[in-house]
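The sequence lines fix the lettering, A, B, ..., with proteins before strands; numbering per chain opens at 1.
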2 protein chains.
Amino acid sequence: MAFAKDQSAGYLANHMARIFAHGLTARIKPLGLTTGTFPALLELWDTDGLTQKQLVERLDIEQATMANTLARMERDGLIVREKDTNDGRVQRVWLTDRARNLRGPAIAAAQEENAVRLAGHTDDEKRQFIALIQKVIKTKTPEEPGDT
Amino acid sequence: MAFAKDQSAGYLANHMARIFAHGLTARIKPLGLTTGTFPALLELWDTDGLTQKQLVERLDIEQATMANTLARMERDGLIVREKDTNDGRVQRVWLTDRARNLRGPAIAAAQEENAVRLAGHTDDEKRQFIALIQKVIKTKTPEEPGDT
DNA sequence: ATCACTTGAATAGCAAGCTATTCAAGTGAT
DNA sequence: ATCACTTGAATAGCTTGCTATTCAAGTGAT
């Protein structure tokens with residue numbers, strides 16, 4: 001029952017993700033951003049004023065995690081949350097000017113990080129790599145419809 | 001300045017790692033194990049009685065993280081820590097019987113999780129996938145010798 | 001022998017995840 | 001109108017990770 005951690009997809013996936021996160025953390029720190037805000041920001045840069053529910057649906061992130069992330073984002077002046085007038089349960093999320101202005105540099109930082117990490121890969125390898133990861137991710141959703 | 005998150009290696013790496021972690025968490029929960037203990041356990045199953053320092057050197061994990069993980073492992077009866085007689089600063093880490101006995105089922109769980117996640121990949125794709133991730137990881141170390 | 005430096009480990013404090021639970025607002029059936 | 005159910009969001013409590021700092025034990029030079 002041998003187990004080589006550097007041959008285990010899951011182990012390697014975790015390790016690689018930490019490396020990416022570490023690099024991106026450093027790159028966006030000067031912007032006053034942290035990695036956890038990225039998914040929400042990407043959605044909001046595209047469509048401002050989404051509800052928390054909609055953000056959760058668009059991203060594979062739990063509701064509680066999103067609530068916490070949004071709370072930090074509000075604290076840090078990236079978003080404002082306001083109650084929907086029609087439905088008092090709904091919170092709409094709006095970007096602040098500051099957050100809107102960070103789009104360019106933040107995306108640039110992410111692209112730089114990706115570029116550095118994949119510097120050793122040929123263009124073909126990069127494409128394969130992305131495709132293979134996407135396949136792992138897609139393998140999930142249909143199988144585990146659970147997700148409560 | 002478009003940015004498609006499902007084309008971003010870093011974004012995908014994070015997402016994939018969470019999927020693997022989620023699956024493994026469920027599989028090893030019945031064993032009373034959590035994912036964070038896995039790296040240390042693998043090293044100790046191979047070589048019992050390592051020091052914390054040695055564990056940190058063998059794994060790309062920060063000293064503080066390891067200290068916390070070991071504290072949880074001790075609390076949960078997976079390890080015992082004892083002071084080295086030669087050097088009072090050194091803590092040697094020894095597996096308990098319980099932890100030793102978990103090796104088989106834990107490794108089986110990890111292998112099952114890997115298998116399920118890669119079920120959509122051909123053998124060739126699996127090999128490529130592992131190789132491509134390894135390359136990303138290796139791209140790191142030489143570049144950032146800092147790590148302190 | 002003492003004092004500065006080094007080194008191994010622990011602690012403080014935070015981010016980003018998760019599960020499970022609670023709270024508040026709406027909705028529907030009686 | 002009321003009471004049960006649903007639904008959106010918040011909270012509690014935990015793990016895993018990080019950086020920065022502190023503490024304690026050894027080591028070396030004077």
Side-chain angles (χ1 to χ4, degrees), chain A residues 11 14-26 28-29 32-41 50-57 59-76 78-79 81-93 146-148, chain B residues 11 14-26 28-29 32-41 50-57 59-76 78-79 81-93 146-148:
Chain A
Y11 195 106
N14 169 272
H15 193 176
M16 176 172 68
R18 284 191 289 115
I19 290 171
F20 271 109
H22 190 258
L24 184 59
T25 297
I28 62 181
K29 190 174 185 177
L33 289 179
T34 56
T35 56
T37 67
F38 235 96
L41 284 174
L50 292 171
T51 68
Q52 187 185 119
K53 179 89 190 304
Q54 289 173 315
L55 283 168
V56 167
E57 281 165 5
L59 305 166
D60 187 12
I61 285 179
E62 292 300 321
Q63 177 267 322
T65 301
M66 183 56 69
N68 282 327
T69 300
L70 291 175
R72 266 180 278 118
M73 290 173 77
E74 190 161 41
R75 179 200 65 189
D76 298 342
L78 292 169
I79 57 165
R81 283 186 284 187
E82 65 175 33
K83 274 215 168 66
D84 189 290
T85 36
N86 303 333
D87 188 335
R89 292 168 301 180
V90 175
Q91 295 268 349
R92 292 205 169 266
V93 180
D147 281 350
T148 308
Chain B
Y11 196 105
N14 171 271
H15 193 177
M16 175 172 67
R18 283 191 290 115
I19 290 171
F20 271 108
H22 190 258
L24 185 58
T25 297
I28 61 181
K29 190 173 185 177
L33 288 179
T34 57
T35 57
T37 66
F38 235 95
L41 284 174
L50 291 171
T51 68
Q52 187 185 119
K53 179 89 190 304
Q54 290 173 315
L55 282 168
V56 167
E57 281 164 4
L59 304 167
D60 187 12
I61 286 179
E62 291 300 321
Q63 177 267 322
T65 301
M66 183 55 70
N68 281 326
T69 300
L70 292 175
R72 266 180 278 117
M73 290 173 76
E74 188 161 40
R75 179 200 64 189
D76 297 341
L78 292 169
I79 58 164
R81 284 185 284 187
E82 64 175 33
K83 275 216 166 67
D84 189 290
T85 35
N86 303 332
D87 188 337
R89 293 167 301 181
V90 175
Q91 293 268 350
R92 292 206 168 265
V93 180
D147 279 352
T148 292

Grab the [atom1]-[atom2] distance between [X] and [N] for me, whole Å please.
X: B:I28; N: C:dC18; atom1: CD1; atom2: P; answer: 16 Å
X: B:K29; N: D:dT15; atom1: NZ; atom2: P; answer: 11 Å
X: A:L78; N: C:dA15; atom1: CG; atom2: P; answer: 12 Å
X: A:I61; N: C:dT19; atom1: CD1; atom2: P; answer: 12 Å
X: A:M66; N: C:dA15; atom1: CE; atom2: P; answer: 16 Å
X: A:R18; N: D:dT15; atom1: CZ; atom2: P; answer: 18 Å
X: A:D84; N: C:dA24; atom1: CG; atom2: C1'; answer: 15 Å
X: B:I19; N: C:dG17; atom1: CD1; atom2: C1'; answer: 14 Å

Exercise for the section: Calculate, to the nearest 0.5 Å, the distance between atoms CG and CD1 belonging to A:N68 and A:I61 respectively. Expected result: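 It is 11.5 Å, given to the nearest 0.5 Å.
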Exercise for the section: Calculate, to the nearest 0.5 Å, the distance between atoms OG1 and CE belonging to A:T37 and A:M73 respectively. Expected result: 5.0 Å
Problem - Contact under 4.0 Å: B:R75 side-chain N or O vs D:dT15 OP1/OP2 - result: yes
Problem - All stems with DNA chain D, defined as three or more consecutive Watson-Crick or G-U pairs under 3.5 Å - result: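 Stems (3+ consecutive pairs) listed as C:1-30 with D:1-30.
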Practice task
Report which part of the nucleic acid B:T35 touches: base, sugar-phosphate, or nothing (heavy-atom distance under 4.0 Å, all strands).
Solution key: sugar-phosphate
Exercise for the section: Remember a base hit wins even if backbone is also touched, and classify B:D76 as base, sugar-phosphate or nothing at under 4.0 Å, heavy atoms. Expected result: nothing
Completion exercise
Nucleotide by nucleotide, nucleotides 3-11 of chain C touches protein heavy atoms under 4.0 Å in the pattern (B base, S sugar-phosphate only, - none) ----BSBBB
Practice task
For A:N14 and for B:T85, locate the closest nucleotide of DNA chain D by heavy-atom distance; then report the residue assigned to the nucleotide nearer the 5' terminus.
Solution key: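 Between the two, 5'-proximity favours A:N14.
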Handout entry: Passing option when A:F38 is tested against A:L59, A:L24, A:T69 for side-chain contact (heavy atoms from CB on, under 4.5 Å)
Key =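 Single side-chain contact (heavy atoms from CB on, under 4.5 Å) partner of A:F38 among A:L59, A:L24, A:T69: A:L24.
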Problem - Upstream residue (5' side of DNA chain C) when A:T34 and A:N86 are each assigned their closest nucleotide - result: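 Its nucleotide being nearer the 5' end, the pick is A:T34.
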Note, [X] side chain near [Y] side chain (heavy atom, < 4.5 Å):
X: B:L33; Y: B:L41; value: yes
X: A:Q54; Y: A:V93; value: no
X: B:I19; Y: B:H22; value: no
X: B:V90; Y: B:K53; value: no

Handout entry: Residue list, salt bridge (Lys or Arg N to Asp or Glu O under 4.0 Å) with A:D76, at least two apart or on another chain
Key =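 With sequence neighbours excluded, A:D76 shows a salt bridge (Lys or Arg N to Asp or Glu O under 4.0 Å) to no residue whatsoever.
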Practice task
From the options B:Q91, B:R89, B:Q63, select the one residue that forms a side-chain hydrogen bond (donor to acceptor under 3.5 Å, both in side chains) with B:Q52.
Solution key: B:Q63
